[in-house]
**Student:** 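Before I ask anything, here is the structure I am working with.
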Protein chains: 2
Amino acid sequence: MLLIPHYVEHPFYSNPALHLLYISDENRVVPFQNAIEQVVSEGCCVAEIGAGCGILSRAAARAGAKKVYAIEKEPEILRFAERVIISAGMQDSVSLIFGSSFSISLPEKVDVLIAEIIGGIGNDEGISSVIEDARGRFLKSGGAIIPKKIDVFICPVCAEEAYSQISSVYEKDLIVAPYEARRPFKAYYEIIGMPPSELLSKPERLDAIDLYGHTEIFFRRKFRFSVSRNARFTGFAAWFVTELTGDVILDTSPWAPPTCWGQSYFAIKHTVPVVRGDVIELIFSAMHDKQAKRPYYVWEGTVNRKAGNKKPFYESNFQGEIEALEPEKRAIG
Amino acid sequence: MLLIPHYVEHPFYSNPALHLLYISDENRVVPFQNAIEQVVSEGCCVAEIGAGCGILSRAAARAGAKKVYAIEKEPEILRFAERVIISAGMQDSVSLIFGSSFSISLPEKVDVLIAEIIGGIGNDEGISSVIEDARGRFLKSGGAIIPKKIDVFICPVCAEEAYSQISSVYEKDLIVAPYEARRPFKAYYEIIGMPPSELLSKPERLDAIDLYGHTEIFFRRKFRFSVSRNARFTGFAAWFVTELTGDVILDTSPWAPPTCWGQSYFAIKHTVPVVRGDVIELIFSAMHDKQAKRPYYVWEGTVNRKAGNKKPFYESNFQGEIEALEPEKRAIG
């Protein structure tokens, strides 16, 4: 088990070291390559948004695309993509485009749209709004999108080992420097290799993202979990299962082979001993922060103990002014 | 066409950005993975020397190895390997070992030895001495080695575009900072995407490295090239073709799909116009430098022009005291 910072919380997409970790993950790359093999046919046009060092754009070119538009807004990683495209002799078929997909236009409509900008809980990186915009402007009618849909799940956990590492999570990290640490309970994390035995209940679906339709990025949803055994409740784990296309599934649940996403971990500051039959009520909000370019999250609720006493919890990764409104005394439930 | 510094000349093996380029190269990684699939069978033991971020060690584990010893002497890249091994859930089968293979010992002998420390002209990174040592101490009798053999070729070229970029090669490089630049004709380079049309003669075999036997790292060999057409002679291109195992070949010649190695480029300071039938005599030396841990090279010779006049050339990537012995007046041929 390894606890790492959630890199979505840190603006490190230009860091080659982060991409080294991403493309080293076969359990991430191979399903995408398989989906591309299924969908991209000889002579078609493809756009990839968030191409990074271009691994999926190159897969599209190898699958027979006559033109791949590889869009990337981080110039440093785009330079690596350029080198690799030249090294692969793909300069003619893969065109690198520098910029945000929202601000660029393409010279032609494409048959396939690809975006691996899936956050640990789906829309952390705003994939649904990126695709919604690009679908209208870049994709031919009847064109294909990879991924098709993303289901996100959440479940209370007894993750004692992860919990114990929260205060030191930045100390040995490969990407985020310790001076960029966020306050321990003002961030969410990734658990790499969480055993399924740490789950305390049946998971609930937190979000359902349809890349062919419209999905709200900001929401406030309520859940009720029945605790299945005596343990210590230390927070929530969340993960996604995405249908990339056809029958290609990428599953980041605790039961599936591990990936670089791990499971997102939303810790609670004051852990609560629970027994079988206790009920954990959760209100999970994805909220808009005018300064940040991505949602921030609030996970709040109450542990209703059979023993009688209710234990409220309230945490958020928001780093700004809303904290003034967030005393632990705030009435919930 | 892209001219880049030869990274073997620069001690950057700890740089994640360099490994990002290496593992982005499918034409490098896939043949090694195929060779590993062929040779590694269920339950066998493997050692990899120079494991980097562990991509080949993980391939060996996936191929069924019960234990892979992944040896790496650069601590920074070993930390990435560790993260990736944990992310892949392979902690039990892949053991990371920090250190130079010469100074470590293994708890058991292995069935397969893997090393992707192939320099652009074969022994630049000392693969034959590394394997010779490891073969005796790590490998079971009858065990397999990947790669099996490496043939290195060299040929005079008219590489005008590469030649014109020599003075600016470090300016836009992704790995080597400009202040670490070597003097233009005191280094050799890599040409990514050199067209075969730039060759001026039939290539000759510069070196033949047998990983099951003994190969001299230091040598002095003479070649005679007959120029095939009128052009400007700008130096020599060299490349390798390696038999990884069985029928898996990795070919870095100008005729093969491009790889991150490109072709090594040994430029000459004063280019020479040549015509069909001129003869280029080359003495290529791989020499021992007591300070450096790798060979340095001298490429010297004479262009024998049908027109009658002989043009000597003498270049070396040696940065030390031998330069005192290296006036262009030195008598050759």
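Letters A, B, ... mirror the listed sequences (proteins, then strands); counts begin at 1.
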**Student:** Give me the contact list for residues 46-81 of chain A versus chain B, heavy atoms only, anything under 4.5 Å, ordered by residue number.
**Tutor:**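 Listed by number, the contacting residues are Cys53(A), Arg58(A), Arg62(A), Ile77(A), Arg79(A), Phe80(A).
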**Student:** Listed by residue number, which members of residues 158-171 of chain A have a heavy atom under 4.5 Å from any heavy atom of chain B?
**Tutor:**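 Listed by number: none.
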**Student:** Which residues, numbered in order, of residues 19-41 of chain B come under 4.5 angstrom of chain A by heavy-atom distance?
**Tutor:**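 Within residues 19-41 of chain B, near chain A: His19(B), Leu20(B), Leu21(B), Ile23(B), Ser24(B), Glu26(B), Gln33(B).
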**Student:** Show which side-chain atoms of residues 189-198 of chain A pair as donor or acceptor with protein atoms under 3.5 Å away, not counting sequence neighbours.
**Tutor:**
from      : atom 1 : to        : atom 2 : distance (Å)
Tyr189(A) : OH     : Pro184(A) : O      : 2.5
Glu190(A) : OE2    : Tyr7(A)   : N      : 3.2

**Student:** Counting heavy-atom pairs under 4.5 Å with chain A, which one of Cys260(B), Pro16(B), Ser87(B), Gly89(B) comes out on top?
**Tutor:**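 Between Cys260(B), Pro16(B), Ser87(B), Gly89(B), the count favours Ser87(B).
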**Student:** With heavy-atom distances below 4.5 Å as the criterion, would you say the side chains of Leu174(A) and Glu82(B) are in contact?
**Tutor:**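 SC-SC contact between Leu174(A) and Glu82(B) ruled out.
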**Student:** Please tell me if the side chains of Leu2(B) and Gln91(A) come closer than 4.5 Å, counting only heavy atoms from C-beta onward.
**Tutor:**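 No, side chains not in contact.
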**Student:** If every non-hydrogen atom of Ala88(A) is compared with every non-hydrogen atom of Pro258(B), which pair is closest and at what distance?
**Tutor:**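 Closest heavy-atom pair between Ala88(A) and Pro258(B): C-CG, 3.5 Å.
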**Student:** For Arg83(A) and Ile4(B), what are the C-alpha separation, side-chain angles and deciding distance, and is it a side-chain contact (heavy atoms from CB on, under 4.5 Å)?
**Tutor:** CA-CA 10 Å; Arg83(A) 164 79 64 84; Ile4(B) 62 173; 3.7 Å; yes
